[in-house]
Amino acid sequence: MGSSVSHAAAPPPPPSPPAVGLAVALPPKQDEKAEPKNVDWLNLPCPVPFEEIQREALMSLKPELFEGLRFDFTKGLNQRFSLSHSIFMGSMEVPSQSSDTFKVPTAHYEFGANFLDPKLMLVGRVLTDGRLNARVKCDLTDNLTLKINAQLTNEPHFSQGMFNFDYKGTDYRTQFQIGNNAFYGANYIQSISPHLSLGTEIFWLGHQRKSGIGFAARYNTDKMVATGQVASTGIVALSYVQKISEKVSLASDFMYNHLTQDVTSSFGYDYILRQCRLRGKLDSNGVVAAFLEERLNMGVNFILSAEVDHRKKDYKFGFGMTVGE
Amino acid sequence: MGSSVSHAGAPPPTPAAAPPTPIPVGLATALPPNTEVQGDGKGVSEKVDWLNLPCPVPFEEIQREALMSLKPELFEGLRFDFTKGLNQTFALSHSVFMGSMEVPSQSSDIIKVPTAHYEFGANFLDPKLMLIGRILTDGRLNARVKCDLTDNLTLKINAQLTNEPHFSQGMFNFDYKGQDFRSQIQIGNNAFYGANYIQSVSPHLYLGSEVFWLGHQRKSGIGFAARYNTDKMVTTGQIASTGIVALSYVQKVSEKVSLASEFMYNHMTRDVTSSFGYDYILRQCRLRGKLDSNGVVAAFLEERLNMGVNLLISAEIDHSKKDYKFGFGMTVGE
């Protein structure tokens, strides 16, 4: 009896000792002491999908800024099926030859239907200018997922469709893409350590006989996420997100395009408070943007969007409301 | 003693209405004389004192209620105003505007160009003297002076100076306020001379007329205006020799709600516009909405977030031209 207490209190060496006495009843102590956690190299976590490597940076730094009025209404018909109505009225930029910016007032209405099942997700959107957006996500088996993404337009040769087959392994993910215009792509991402994942992708465009290869790395802990991406198309993209507290996180992003000699760096913050979410961003192109979502009521959100481009002297301000879940 | 109580308590319409006032006796001498309170309470119509009519509103403010309800300052983009009072009479104001302005184009399309300006202003407000100056980053200067020369005579000066030649304007106004009339003489640059006169003809009805003469173009005009208002409604009508007929009607439905409508007809351009609007003045906000016969729907919301902090939201949709103008802003300071 005495020895059981001393056994249970002693730090367990890697081969677990036979438990005796009270130690049998208690759950085995694992890694609460100050020793470094032993990494179970055969049991690494599954990495994020390859296209979501920069997910935190994108969510903080790239809110959906708009100019004008936006009104979204989502109505759930039952637990799985919901309809959405979305109205947008405002100014859109018209490409012009001179360096001046011209805007033309436009408006569109978008009707959407969503069907969400644990195994099957169908999302469809139709706009008044004739564009149709359809997304299908289907879990064929526990590990294999099929995604279809289609955008159909009125104008000929502008429609797009893409099939994605995702396979999720224990500590890796792989994806195979087939698109119209003879686009083929594949990517693979693997967990190297509990915090580090490395990935690679290749693609081939049939019509233009272009191919490319890229590499990506992602290192994340509880408090920060750092990613880097290099591609043979000449793009280098780095990002870093630091979670300062539960409510505040800061993000920064760097992108270099070797072919166009274009360098952009941006820095942003993301305040997630109880009643609102405020995202702000400052760019090396002289663009300052902010996006506020405030929860007025249960299911009613008020949105303010502002973007000031000091270099081009372009100002975009908008407000809107989102009703429904 | 007994008779004094009965005198004071007796129904007094006869003594109040009769031109020769009766000699008060007893308790009635101690109490203040009852004049017009009983007249309304008993249902007898109030007698109009034709020698003591109220002073009318100034001629240019005849349609004031309709203009305030139907023509809020709609804008597109962002507006930020900051007013800082340095002392009781002097205040500075900073105003930033960033947004899209329409550019006149040859085709029927509407093209907007992003613009921005900053306006600095200074206000001096004295009971007898008011000075307001505003200057914008595009070089325009706006100055207004209002000075009470005597109790009845007021001098107003209004000037707008710009960079571009021949676009500056200045106007001098001399206002004389009589007992139940107002008259005004205007002298402006570009040889503009004008005069207007408005008179109360009854406690509710005011009639006025104006004449003007433009020296350079040798044009002259004359106009007539009428305004009828009670506690609950205001009706105005204006007709001018320039071919404009303007009518308006404002009804105060309750303390918080008023409805307004307006009709304008221009005989020269054959332009007819009619608009209908509402004005909700609530405790924390003021919401004005308007619907036009040109297919324009507009709304303007001013919400008081805090003491001295107002949030503005402005929206205007022109369905016939497919033009959309949305803006929001904030006003800080009194």
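Chain identifiers are assigned alphabetically (A, B, ...) following the order of the sequence lines, protein sequences preceding nucleic acid strands; residue numbering begins at 1 within each chain. For clarity, every value in this text was computed on a predicted model and none was experimentally measured.
- For the residue pair A:P105 and B:K112, the shortest heavy atom distance occurs at CG-CE, 3.9 Å.
- Note: B:G327 leads B:G327, B:A315, B:G99 in heavy-atom pairs under 4.5 Å with chain A.
- The environment of A:R135 atom CZ is sparse: at most 12 non-hydrogen atoms of other residues, nucleotides or ligands sit within 6.0 angstrom.
- Counted within 6.0 Å of CZ on B:R286, heavy atoms from surrounding residues, nucleotides or ligands total more than 12; the atom is thus considered enclosed.
- Separating the CZ atom in A:F317 from the OG atom in B:S100 is a distance of 9.5 Å, to the nearest 0.5 Å.
- Contacts of B:E76 with chain A are made by side-chain atoms alone, with heavy-atom separations under 4.5 Å and no backbone atom involved.
- For the atom pair CZ of A:F302 and CD1 of B:I313, the computed distance is 4.0 Å after rounding to the nearest 0.5 Å.
- Other residues, nucleotides and ligands place more than 12 heavy atoms under 6.0 Å from the CZ atom of B:R134.
- Heavy-atom pairs under 4.5 Å with chain B peak, among A:L69, A:V104, A:V94, at A:L69.
- Under a cut-off of 6.0 angstrom, the local environment of NE2 in B:H319 is crowded, with over 12 non-hydrogen atoms contributed by other residues, nucleotides or ligands.
- In the displayed structure, B:E255 atom CD is contacted under 6.0 Å by at most 12 heavy atoms of other residues, nucleotides or ligands.
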